[in-house]
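Structure first, then comments.
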Amino acid sequence: MKHRRNGARVVAVAAAGVLLAGCGSSGAKTGEDPDPKPSNSVRQAGESADPSRSPDPKKPEETKEPGALPSAYEFAPDPARVPRTAAEARRLTRNAALGENDWTAGMVRATPYESGGTWPVLADSCVWSRTALPAGVLDTFTRRLDIPAQDGKGRVRGAVTVTVHRTVAGADREIKDTVQESFRCPAQELGGGQRLSGLMSLQFDQKDVRNADASLFEAGKYTGPGSGGTQDYVWSKSRIGPVTTAVSVKGAEGYENSDLLRIAAEGGAKVLYRVELELK
């Protein structure tokens, strides 16, 4: 029976992860676009407004539905925009990280709101601690944003982290190490009485990722001060070039797992788009 339950959990994690992996696209996100550009449909309408103009026979007719996801992720960072120093990395991480008005409606700053400059380490005891940044990491920065308790629902705790590595290989290694950590420690102590359990991670096949070079999804259960008992927990991590992003959402009373997935998908798509803006 245990094997069957684990198999069911793998399927559930995979299904939820595909939802997150497919959300967003290069330059597409939920909410206001800080750098609005005319859509294909707007440009085409403008081009065809003059009836004297005939279609360019060299241009294939646009058949993609408005808002359709690309068939593959094709964004390539401008080498001149990739951070080479800690100062350049700090500028990128702070510009890309979501603030209280950037993620989803009603979010407020948590306490502490911002932190950075240290590296998380998961010991053999499955207890998290922090140490100095490793040599291969230029900067990492986290903002914490919550949805306050209201209308009979508890407080949802969210966080977004942006990390700049010196190399693409270093960033890719972070993705792979994260998957292994959930297998090594399916239960983890975060500190301050916070605990994760039943963790399972899944790295996506690249053909299923439409808004990053690589992505993974993690799900489990969360308990901690003020959690109101055991709640759902979802977490995603992605990579664009040497930059990784992570979005975590800890559930609360009155929220379904689908609510947390929606919140995480929205935050993940937005922070990836902001990373693209910094790198293009």
Side-chain angles (χ1 to χ4, degrees), residues 16-17 19-21 23-25 27-34 83 89-120 128 130 133 137-148 155-165 171 174-175 178 190 194 196 201 209 211-220 222 224 231-252 255 259-279:
L19 170 64
L20 287 177
C23 285
S25 61
K29 62 181 179 56
T30 304
E32 294 296 323
D33 187 338
R90 283 193 293 271
R91 184 163 54 249
L92 184 149
T93 59
R94 282 142 184 82
N95 287 343
L98 304 179
E100 58 191 310
N101 298 317
D102 301 324
W103 190 338
T104 196
M107 275 190 153
V108 299
R109 296 184 180 190
T111 303
Y113 172 51
E114 297 178 335
S115 62
T118 60
W119 190 249
W128 284 98
R130 304 197 74 87
L133 290 178
V137 176
L138 290 171
D139 188 56
T140 185
F141 179 67
T142 297
R143 282 193 178 129
R144 299 170 185 82
L145 297 159
D146 295 353
I147 299 177
R155 187 179 188 94
V156 171
R157 294 167 170 82
V160 57
T161 299
V162 182
T163 302
V164 180
H165 291 258
E174 180 191 343
I175 296 285
T178 300
L190 304 181
Q194 299 183 86
L196 301 177
S201 293
V209 182
N211 61 351
D213 292 318
S215 288
L216 65 85
F217 173 74
E218 183 174 273
Y222 163 77
Q231 307 296 341
D232 287 323
Y233 164 82
V234 297
W235 189 66
S236 66
K237 177 173 283 191
S238 300
R239 176 183 68 79
I240 295 178
V243 180
T244 64
T245 65
V247 171
S248 69
V249 182
K250 300 169 183 173
Y255 286 88
D259 299 322
L260 307 186
L261 288 170
R262 175 188 58 77
I263 295 168
E266 183 177 352
K270 287 182 174 180
V271 70
L272 285 171
Y273 179 68
R274 290 164 73 110
V275 169
E276 284 189 3
L277 292 180
E278 294 298 312
L279 293 176

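Residues take their numbers from the sequence shown, with the count starting at 1. Only a predicted model underlies this, so the values are computations on that prediction, with no experimental measurement involved. Side-chain atoms are counted along with the backbone in the values below, which use heavy atoms only and exclude waters and symmetry mates.
Among all heavy-atom pairs drawn from Y113 and E100, the shortest one is OH-N, 4.1 Å. Closest approach of A96 to V275, counting heavy atoms only: CB-CG2, 3.9 Å. What you find for L138 and A89 is that their closest heavy atoms are CB-CB, 3.5 Å. Taking both residues in full, the closest heavy atoms of S238 and I175 are given as C-CD1, 4.0 Å, listed atom of the first, atom of the second, then distance. Heavy-atom minimum distance, L272 versus A212: CD1-CB, 4.2 Å.
Judged as a salt bridge (Lys or Arg N to Asp or Glu O under 4.0 Å), and not counting sequence neighbours, R90 has no contacts. With sequence neighbours left out, D213 forms a salt bridge (Lys or Arg N to Asp or Glu O under 4.0 Å) with R239. Shown here are the side chain to side chain donor-acceptor pair (under 3.5 Å) partners of R155, two or more places apart in sequence or in another chain: D146. Scanning for side chain to side chain donor-acceptor pair (under 3.5 Å) contacts around D139 gives T93, R94, with sequence neighbours left out. Residues satisfying the salt bridge (Lys or Arg N to Asp or Glu O under 4.0 Å) criterion with R91, sequence neighbours excluded, are absent altogether.
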Inset, instruction - Please step through side-chain contact (heavy atoms from CB on, under 4.5 Å) for the pair F217 and L261, ending with a clear verdict. - result: CA-CA 10 Å; F217 173 74; L261 288 170; 3.7 Å; yes
Inset, instruction - Begin with the C-alpha distance, continue with both residues' side-chain angles, and end with the deciding distance and a verdict on side-chain contact (heavy atoms from CB on, under 4.5 Å) for R157 and Y222. - result: CA-CA 11 Å; R157 294 167 170 82; Y222 163 77; 4.0 Å; yes
Inset, instruction - Output, in order, the C-alpha distance, side-chain angles, deciding distance and verdict of side-chain contact (heavy atoms from CB on, under 4.5 Å) for L190 and L196. - result: CA-CA 7 Å; L190 304 181; L196 301 177; 3.9 Å; yes
Inset, instruction - Begin with the C-alpha distance, continue with both residues' side-chain angles, and end with the deciding distance and a verdict on side-chain contact (heavy atoms from CB on, under 4.5 Å) for L145 and V108. - result: CA-CA 6 Å; L145 297 159; V108 299; over 6 Å; no
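With rounding to the nearest 0.5 Å, the separation of OG1 in T104 from CD1 in I147 is 5.5 Å. For the atom pair CG of N211 and OH of Y273, the computed distance is 13.0 Å after rounding to the nearest 0.5 Å. Considering OG1 of T111 and CZ of R144, their distance stands at 10.0 Å, rounded to 0.5 Å. Taken to the nearest 0.5 Å, the OG1 atom of T163 stands 11.0 Å off from the CZ atom of F141. Separating the CG atom in L279 from the CG atom in L92 is a distance of 5.5 Å, to the nearest 0.5 Å.
Y255 has its side chain out of reach of Q231: every pair of non-hydrogen atoms, C-beta onward, lies at least 4.5 Å apart. At least one side-chain heavy atom of E276 sits less than 4.5 Å from a side-chain heavy atom of I240. Two residues are said to be in side-chain contact when any heavy atoms from C-beta on lie closer than 4.5 Å; K237 and E218 fail this criterion.
In this structure, W103 contributes its side chain and I263 its backbone to a donor-acceptor pair below 3.5 Å. Put simply, the side chain of K270 gets close to the backbone of D102: a donor and an acceptor are under 3.5 Å apart.
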List, one per line, each side-chain donor-acceptor pair under 3.5 Å for residues 241-249, sequence neighbours excluded.
unit_1: T244; atom_1: OG1; unit_2: E174; atom_2: OE1; d: 2.9
unit_1: T244; atom_1: OG1; unit_2: E174; atom_2: OE2; d: 3.4

